[in-house]
**Student:** 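Okay, here's the structure, questions in a sec.
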Amino acid sequence: MDKLIVRGGRRLSGELCVSGAKNSALPILCATLLADQPITLSNVPHLHDVTTMIELLGSLGADVMIDDEMNVQVHGESIANHRAPYELVKTMRASFCVLGPLLARHGEAEVSLPGGCAIGPRPVDQHLKGLAAMGAEIEVVDGYVRARSGGRLEGARILMDISTVGGTENLMMAATLARGTTILENCAREPEVVDLGDCLLAMGARISGHGTDTIQIEGVERLNGCNYRVMPDRVETGTYLIAAAATGGRIRVSETRPETLESVLLKLTEAGAVIDQGDDYVALDMQGRRPKAVDIRTAPYPGFPTDMQAQFLALNAVAEGTSRVVETIFENRFMHVQEINRLGADIVLDGNTTAIVKGRPRLRGAQVMATDLRASFSLVVAGLVADGTTIIDRIYHIDRGYERIEEKLGQIGADVERVVSR
Ligand code: UD1
């Protein structure tokens, strides 16, 4: 298994470009199943999760072509198989979002219950409840969801009990080809939901209200092909900003969308960063200072994203003062705490939703293990600020969500090396 060697103690400084958003690209790739014409996507990040999704689309019978610049063309006309197997769905929860499109276009689908990061139980009850309200017959047999509509789904009014990103996306996609109007209430408002909605509009869907908590979809009989550019990755943007801030450095992140990151930029400002932003860039300067401790409470968008909790917690570990980090989205998302503590941090868990972080002026490099995707990057942040060498094992987690991590970190002055073991 590959390892990442981080030699810490350097102040990050420089400029980098952000990749396309993983969490947009994945549901948008699922949406290609809804059309009978080719869809060409640009700004698709070159990531392990994207490769898994492309493999899944291929296994369903879609024709997928990828050029040198990662423009991905998917032609879903020839789809003959409606079963998404455990082997492909277990590694990545987002693949469960093929359920809505397959069912909507083919009247039947069989999709394995999902896996993904080990960050709590993560059920799919809201996805299933919504599809049932649209007239699907659903049963769960041997770890697979079997859904049938015997024709077109029916538009419905659906109130989701919680804000779920994947649930909103799955139902929004299913409703595009349903007969009649669907109203989804208590929707997730994440920018990636908006991006998917915009792509569906480009495919000829009739959707309004995406980005608010009520989305209205008037079903159409078919969707067409289109060219669509995936939005920039706000989590990647925020992650590099946090990394630079933790080291007291300065960085300019371009090809991004600062308006999707407001809560994170506010917290970075609270931590002492001077931030300048334009239409497509964010520049951060800590002016060599140690960050100040900042309380964090994760919440659905536009609140502080759970996907940046671990990275900010690592910043707090070296900040001046004590902070409270509260996770409200997932039940078990503090597995990075014991690993960061191996570097000499002082983080104590209070139950499984709150971490109390006493900032330490210095950390010391150690051997640690990546536990999930975003948590892995928190170990990189901790390693960057620590004296000496940190060796991060199981970095395949990082490769699921961060493109060319060594190269990008190198560009901003980090001393990071991948050791490939066979
Ligand atoms: C997406 C993101 C993930 C991010 C998360 C929250 C993608 C590919 N992944 O995941 O990076 O961390 O949003 O912003 O976009 N839940 C239920 N029942 C359901 C669905 C969800 O109880 O039917 C719960 C989950 O267990 C979790 C919470 O709702 O506690 C939020 O989950 P959800 O928004 O669905 O996350 P994902 O779409 O899986």
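Numbering of ligands and ligand atoms starts at 1, following listing order. The figures that follow rest on heavy atoms only: side chains count, while hydrogens, waters and symmetry mates do not.
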**Student:** Could a heavy atom of Met308 be found less than 4.0 Å from some atom of ligand 1?
**Tutor:**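 The answer is no: ligand 1 sits nowhere under 4.0 Å from a heavy atom of Met308.
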**Student:** Under 3.5 Å between any N/O of Lys22 and any N/O of ligand 1: does that happen in this structure?
**Tutor:**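 Looking only at distances, the answer is no, because the N/O contact criterion of under 3.5 Å is not met.
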**Student:** Just which atoms of ligand 1 are under 4.0 Å from any heavy atom in Ile329?
**Tutor:** 27 (C), 28 (C), 30 (O), 31 (C)
**Student:** Could you say whether the N/O atoms of Thr164 and ligand 1 ever approach to under 3.5 Å?
**Tutor:**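 Among all N and O atoms of Thr164, at least one is under 3.5 Å from an N or O of ligand 1.
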**Student:** Should Pro123 be counted as touching ligand 1, given the test is an N or O pair under 3.5 Å?
**Tutor:** yes
**Student:** Would you please determine whether His127 falls within less than 4.0 Å of ligand 1 on a heavy-atom basis?
**Tutor:**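 Yes, His127 has a heavy atom closer than 4.0 Å to ligand 1.
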**Student:** Output yes when the distance from some N or O of ligand 1 to some N or O of Ala94 is under 3.5 Å, and no in every other case.
**Tutor:**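 In this structure, Ala94 places no N or O atom under 3.5 Å from an N or O of ligand 1.
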**Student:** Is any NZ, NE, NH1 or NH2 atom of the basic residue among Arg148 and Glu137 found under 4.0 Å from an Asp or Glu carboxylate oxygen of the other?
**Tutor:** no
**Student:** Quick one: does NZ or CZ of Arg374 land under 6.0 Å from the six-membered ring centre of Tyr402, within 45 degrees of the ring axis?
**Tutor:** yes
**Student:** Check each of Val124, Thr168, Asp307 against atom 11 (O) of ligand 1 and report the one with the nearest heavy atom.
**Tutor:**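 When every heavy atom of Val124, Thr168, Asp307 is considered, Asp307 comes closest to atom 11 (O) of ligand 1.
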**Student:** Could you tell me if the ring centre of Tyr86 sits under 6.0 Å from that of Tyr144?
**Tutor:** no
**Student:** Can you list the ligand 1 atoms lying under 4.0 Å from a non-hydrogen atom of Arg333?
**Tutor:** 12 (O)
**Student:** Are His48 and Tyr396 close enough that their ring centres sit under 6.0 Å apart?
**Tutor:**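 Not close enough - the centres of the two rings lie 6.0 Å or further apart.
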**Student:** Thinking salt bridges, do Asp49 and Lys22 make one under a 4.0 Å N-O criterion?
**Tutor:** yes
**Student:** Based purely on interatomic distance, does Thr306 place a nitrogen or oxygen under 3.5 Å from a nitrogen or oxygen of ligand 1?
**Tutor:**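 No: no nitrogen or oxygen of Thr306 is under 3.5 Å from one in ligand 1.
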**Student:** Salt bridge or not for Glu185 and Arg157, using N-O below 4.0 Å?
**Tutor:**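 Salt bridge flag = yes for Arg157 with Glu185.
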**Student:** Can you find an N/O atom of Ile162 closer than 3.5 Å to an N/O atom of ligand 1?
**Tutor:** no
**Student:** Holding to side-chain contact (heavy atoms from CB on, under 4.5 Å), I want the full list of residues that pass it with Leu266, two or more places apart in sequence or in another chain.
**Tutor:** none
**Student:** Could you tell me whether Gln126 and ligand 1 have an N or O pair separated by under 3.5 Å?
**Tutor:**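 Among all N and O atoms of Gln126, at least one is under 3.5 Å from an N or O of ligand 1.
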**Student:** Give a yes or no on whether a salt bridge exists between Arg418 and Glu406, defined as a side-chain N under 4.0 angstrom from a carboxylate O.
**Tutor:**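 A salt bridge links Arg418 with Glu406.
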**Student:** Taking both backbone and side-chain atoms of Gly166, is any N or O found less than 3.5 Å from an N or O belonging to ligand 1?
**Tutor:**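 There is such a contact, yes.
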**Student:** Between Gln367 and Asp393, is any side-chain donor less than 3.5 angstrom from a side-chain acceptor?
**Tutor:**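 No, because no side-chain N or O of Gln367 sits under 3.5 Å from a partner of the opposite role on Asp393.
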